[in-house]
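Per chain, numbering begins at 1; letters A, B, ... match sequence-line order.
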Amino acid sequence: DVKVTQSSRYLVKRTGEKVFLECVQDMDHENMFWYRQDPGLGLRLIYFSYDVKMKEKGDIPEGYSVSREKKERFSLILESASTNQTSMYLCASSLYRTGGKENGYTFGSGTRLTVV
Amino acid sequence: RKEVEQDPGPFNVPEGATVAFNCTYSNSASQSFFWYRQDCRKEPKLLMSVYSSGNEDGRFTAQLNRASQYISLLIRDSKLSDSATYLCVVRPSGVYGGSQGNLIFGKGTKLSVKP
């Protein structure tokens, strides 16, 4: 089974702190994604990456940056944490479609971040 | 029109009931379709892909109507353990790579199965 591992399950940070959320996948997937999920708003895409050192903005990139120095690792950075960034953060990875089968995304277990 | 729309529910049903979820999508060129399940405070997990001919996995049946841009999920003989939020997911194009290939997630329909 593909494993997507997020470094922390719960995190509490202070306003203004720089926050790093780490995500590692072990199946050599090209594509990696960062989402946040809030009640009533569903999953919202923050950033994604299709290759090492490549990144693209999603729907809500403001206040975030990302880093992908190695294929298996995709980091989300909150440059200066604010209370409105309190949320559940979910990392996902996927493989390009192969053999006609579409596999969807595999998600990590999430990091619940609280900014106080 | 939102890209993927679902009734948010909640659907409250007794054990053993049959329950149907519906989903509509706006992009007629959409290529791939899925249902994901998300338990409370957990990550979404792939439940099943949805194929044009319809497909079944045990008590779960998924159907696609391309003409109406409509996807459904039927759960028969519902169990307490089926309580979760069900997310309808669409890939809006046949392009893999680049933002056009990203999956679009509905906000989910919450199901609560009661004894």
### Query
Within a reach of under 6.0 Å around NZ of B/K45, are more than 12 heavy atoms found that belong to other residues, nucleotides or ligands?
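Atom NZ in B/K45 is not crowded, with 12 or fewer foreign heavy atoms closer than 6.0 Å.
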### Task
Evaluate whether atom CD of B/Q63 has more than 12 neighbouring non-hydrogen atoms of other residues, nucleotides or ligands under 6.0 angstrom away.
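No.
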Verify the cluster assignment for [X] and [Y]: are they in a single hydrophobic cluster under the rule of side-chain heavy atoms below 4.5 Å apart?
X     : Y      : result
B/Y70 : B/L73  : no
B/I75 : B/L47  : yes
B/L64 : B/I104 : yes
B/F60 : B/V50  : yes
A/W34 : A/M54  : no

### Task
Would you mind listing every side-chain hydrogen bond (donor to acceptor under 3.5 Å, both in side chains) that reaches into residues 6-16 of chain B, with sequence neighbours excluded?
B/Q6-B/T109
### Query
Taking only heavy atoms into account, what residues of residues 72-84 of chain A are found under 4.5 Å from chain B?
none
### Message
For residues 107-116 of chain A, give me every residue with a non-hydrogen atom less than 4.5 Å from any non-hydrogen atom of chain B.
### Response
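The list, in residue order, reads A/F107, A/G108, A/S109, A/R112.
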### Task
Please round to the nearest 0.5 Å and tell me the distance separating atom NZ of B/K42 and atom CG of A/L90.
12.5 Å
### Task
Rounded to the nearest 0.5 Å, what's the gap from NZ on B/K107 to CZ on A/R44? Could you check?
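Between B/K107 NZ and A/R44 CZ, I get 9.0 Å after rounding to 0.5 Å.
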### Non-hydrogen atoms of A/G104 and B/L103 that approach each other most closely
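Nearest pair, atom of A/G104 first, then B/L103: CA-CD1, 4.1 Å.
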### Message
Does either side chain, that of B/E43 or that of A/Q6, offer a donor lying less than 3.5 Å from an acceptor on the other one?
### Response
no
### Task
Anything under 30° is parallel, anything over 60° is perpendicular, the rest tilted; go ahead and classify B/F105 against A/Y105.
tilted
### Query
Could you walk me through whether B/N102 and A/F33 pass the side chain to side chain contact (heavy atoms under 4.5 Å, CB included) check?
CA-CA 9 Å; B/N102 287 346; A/F33 308 85; 3.3 Å; yes
#### Entry: ring pair (Phe, Tyr, Trp, His ring centres under 6.0 Å) partners of B/Y86, counting only residues at least two apart
B/F21
